[in-house]
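Since this is a predicted model, take the numbers as computed values, not measurements.
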Amino acid sequence: MKLLILLTITLGTLVTGLDSVYIRPYYKISLKHRSQHRECHCLNGGTCVTYQFFSQMKRCLCPEGYSGLRCEIDTDSICYSGNGENYRGMAADPGCLYWDLPSVIRRGDYHVDLKNALQLGLGKHNYCRNPNGRSRPWCYTKREYSIRETPCSTIKKCGHTCGQRSFSKYFKIVGGSQAEVETQPWIAGIFQNIQGTDQFLCGGSLIDPCWVLTAAHCFYDPTKKQPNKSVYKVFLGKSILNATDKHEQEFMVDEIISHPDFTDYTGGNDNDIALVRIRTASGQCAVESNYVRTVCLPEKNLILYENTRCEIAGYGKQKSYDIYYAQRLMSATVNLISQKDCKDKYYDSIRVTDNMVCAGDPAWEADACKGDSGGPMVCEHNGRMMLYGIVSWGDGCAKENKPGVYTRVTRYLNWIDSNMNAVVTKSRSFPEPK
């Protein structure tokens, strides 16, 4: 009988919402962290969700390829770059201790209780990390009564491969969002010296340590004069347009090769493609880092389906009527549009040729704009980011029923290869960083 009464009181308390010794501590914990966790601060495109009946409980809903409390773990990562400071994969050697283990917290310099643990990649796991800038990722292992830092042998260093970024998949371009340069490490900024001042001109894509691919109209001169290469500079690894940081690499322009059949007589830009050979004053090409990498060129006969999601990035204007370019690198996603719809529904077959590909945001809110010319439209294919288009032209910016038009890179692979091979280069591979 006493048990029945106790159960009745307990159930009544839960139903009516009265305080009880069982639920009160739970709500105290929830309210305590309310101001600190009003938002989830999800990483890598994660979405903050709230439980329907517990409004104080929030969690991150992670996109495919990520996990963890803040979507901070890259479940697809199979190798590390550089010294592995940015490695966020799931490799762990046998014997690796958890970063939240009491003995690690008590004796180790790096553990889950540090204020910057999330930034260092530390959490309630034993995955290999490099929080202190050693030569490669490591973990704590136990040796008798002590713990020690042990280099991980399970995870290998990435080779010099194209189309791989070191940091987050989707983190204005019109209607887009700020992007860390690590998400678009192939992005190039081309500047032109006008009256003694370097002014931003166009974007581009690093396709080889010594070569940037861009749009021919960036250098177009109706008088047919060869552009003066000495007035141009190319920057790689640039996050902020009018500021310099230690991750950037600056280059002189050694060669500008625009497509000989470029024309804008049709109302569009046909054969809108150009190669720019870059070098430092000492003759060096680009050095691979977390901030500078090459993008893959597509296979010759590759045709991606309509509505394939691709990314555009650049430093261009965020709205067509803006006076200034974006100060930070911006990126957005767009969907490929069928050639038939682009010609018949949005433009016409005179302006849009088979050398072009169209892409737009289904809501017409994201688009490339002035200043994004020459920049990349990259699409994921076979696990790598591939340069499918070059920002070329369009009718306005994010204008309804007027998608962006891009140079179709697959049409120019022979032209790219023959022109690059015709110029003697000192090196076709990344030199080692000093």
Review point. Counting distance only, does the side-chain N/O of Asn271 pair as donor-acceptor with the main-chain N or O of Asp261 below 3.5 Å?
Key: yes
Review point. Which of parallel (below 30°), tilted (30 to 60°) and perpendicular (above 60°) describes Trp415 and Tyr412?
Key: perpendicular
Review point. Is a side-chain N or O of Tyr265 found less than 3.5 angstrom from the main chain of Gly268, in a donor-acceptor match?
Key: no
Study note, to complete from the structure: In this structure, OG1 of Thr410 is separated from CG of Asn355 (nearest 0.5 Å) by 9.0 Å
**Study point:** Step-by-step side-chain contact (heavy atoms from CB on, under 4.5 Å) determination, Leu206 to Leu236
**Key:** CA-CA 8 Å; Leu206 188 70; Leu236 301 172; 4.0 Å; yes
**Study point:** Which atom of Glu182 lies closest to which atom of Arg165, heavy atoms considered
**Key:** O-CB, 3.3 Å
Check your understanding: Are side-chain heavy atoms of Arg88 and Tyr66 found at a separation under 4.5 Å?
Key -> no
Point to revise | Under 3.5 Å: donor-acceptor pair, side chain of Lys238, backbone of Ala243 | key: yes
**Study point:** Any Leu413 side-chain heavy atom under 4.5 Å of Glu299 side chain
**Key:** no
Review point. At what distance, to the nearest 0.5 angstrom, does CD1 of Ile303 lie from OG of Ser338?
Key: 12.0 Å
Check your understanding: Are we looking at SG atoms under 2.5 Å apart for Cys62 and Cys71?
Key -> yes
Study note, to complete from the structure: SG of Cys202 to CD of Gln192, rounded to nearest 0.5 Å, is 9.5 Å
Practice item. Write down the atom of Val292, the atom of Ala286, and the distance for their closest heavy-atom approach. Key: CG1-CB, 4.2 Å
Check your understanding: Does any N or O in the side chain of Lys229 come within less than 3.5 Å of the main-chain N or O of Asp254, such that one atom is a donor and the other an acceptor?
Key -> yes
Review point. Quick check: are there more than 12 heavy atoms from other residues, nucleotides or ligands sitting under 6.0 Å from CD of Gln226?
Key: no
Exercise for review: Report the C-alpha distance between Arg148 and Thr141 in whole Å, list the side-chain angles of each, state the deciding distance to 0.1 Å, and finish with yes or no for side-chain contact (heavy atoms from CB on, under 4.5 Å).
Suggested key: CA-CA 6 Å; Arg148 62 177 180 175; Thr141 58; 3.6 Å; yes
Practice item. Determine whether Val409 and Leu297 make a side-chain contact, defined as any pair of heavy atoms from C-beta on separated by less than 4.5 Å. Key: yes
Revision key, fill the gap. So CG of Asn130 and CD1 of Ile155: to nearest 0.5 Å the spacing works out to 12.5 Å
Check your understanding: Looking at side-chain heavy atoms only, is the closest gap between Val378 and Trp186 below 4.5 Å?
Key -> yes
Exercise for review: Would you mind reporting whether Tyr110 and Asn132 have side-chain heavy atoms less than 4.5 Å apart?
Suggested key: yes
**Study point:** Any residue meeting side-chain hydrogen bond (donor to acceptor under 3.5 Å, both in side chains) with Asp245, in chain and number order, not counting sequence neighbours
**Key:** none
Review point. Do Thr263 and Asp270 have side-chain atoms, one donor and one acceptor, less than 3.5 Å apart?
Key: no
Exercise for review: For the cysteine pair Cys342 and Cys358, state whether the SG atoms are less than 2.5 angstrom apart.
Suggested key: yes
Review point. Does Tyr347 reach the main-chain N or O of Pro403 with its side chain, forming a donor-acceptor pair under 3.5 Å?
Key: yes
Review point. Tell me, do Asn290 and Glu85 make a side-chain contact under 4.5 Å, heavy atoms counted?
Key: no
Check your understanding: Are more than 12 heavy atoms from other residues, nucleotides or ligands located less than 6.0 Å from atom CG of Leu61?
Key -> yes
Point to revise | Chi angles and distances behind the ring pair (Phe, Tyr, Trp, His ring centres under 6.0 Å) call for Tyr140, Trp99 | key: CA-CA 8 Å; Tyr140 283 119; Trp99 298 99; 5.5 Å; yes
Revision key, fill the gap. Closest non-hydrogen atoms of Ala281 and Met252, given as atom of the first, atom of the second and distance, are CA-SD, 3.8 Å
Check your understanding: Going by heavy atoms in the side chains, are Ile416 and Ile207 under 4.5 Å from each other?
Key -> yes
Revision key, fill the gap. In terms of heavy-atom contacts, Ile73 and Tyr127 come closest through CD1-CE1, 3.8 Å
Review point. So, does Thr308 use its side chain to make a donor-acceptor pair with the main chain of Leu336 at under 3.5 Å?
Key: no
Practice item. Evaluate the criterion side-chain contact (heavy atoms from CB on, under 4.5 Å) for residue pair Tyr98 and Val104; output intermediate values, then yes/no. Key: CA-CA 8 Å; Tyr98 280 73; Val104 169; over 6 Å; no
Revision key, fill the gap. One should read off an interatomic distance between Lys142 NZ and Ser103 OG, to the nearest 0.5 angstrom, of 6.5 Å
Check your understanding: Does any pair with a residue in residues 124-141 pass salt bridge (charged side-chain N to carboxylate O under 4.0 Å, His left out), and if so which ones, sequence neighbours excluded?
Key -> Arg134-Glu149
**Study point:** Donor-acceptor contact below 3.5 Å, side chain Glu306 vs main chain Gln339
**Key:** no
Point to revise | OG1-CG distance between Thr150 and Leu97, expressed to the nearest 0.5 angstrom | key: 8.5 Å
Check your understanding: SG of Cys139 to SG of Cys96, below 2.5 Å?
Key -> yes
Practice item. Output every pair passing ring pair (Phe, Tyr, Trp, His ring centres under 6.0 Å) with a member in residues 220-258, not counting sequence neighbours, ordered by first then second residue. Key: Phe191-Phe235, Phe219-Tyr232, Tyr220-Phe262, His247-Tyr291
Review point. Is any NZ, NE, NH1 or NH2 atom of the basic residue among Asp354 and Lys343 found under 4.0 Å from an Asp or Glu carboxylate oxygen of the other?
Key: yes
Point to revise | pair check: Cys310 + Cys379, SG-SG < 2.5 Å | key: yes
Check your understanding: Do any N or O atoms from the side chain of Asp272 and from the backbone of His217 form a donor-acceptor pair under 3.5 angstrom?
Key -> yes
Exercise for review: Indicate yes or no: at least one non-hydrogen side-chain atom of Met377 is less than 4.5 angstrom from one of Val357.
Suggested key: yes
Practice item. Please answer whether the main-chain N or O of Leu43 pairs with a side-chain N or O of Glu72 as donor and acceptor at a distance below 3.5 Å. Key: no
Review point. Counting distance only, does the side-chain N/O of Arg384 pair as donor-acceptor with the main-chain N or O of Glu380 below 3.5 Å?
Key: no
Exercise for review: Before giving the answer on side-chain contact (heavy atoms from CB on, under 4.5 Å), spell out for Leu302 and Met386 the whole-Å C-alpha distance, their side-chain angles and the decisive distance to 0.1 Å.
Suggested key: CA-CA 11 Å; Leu302 179 68; Met386 176 199 61; 3.2 Å; yes
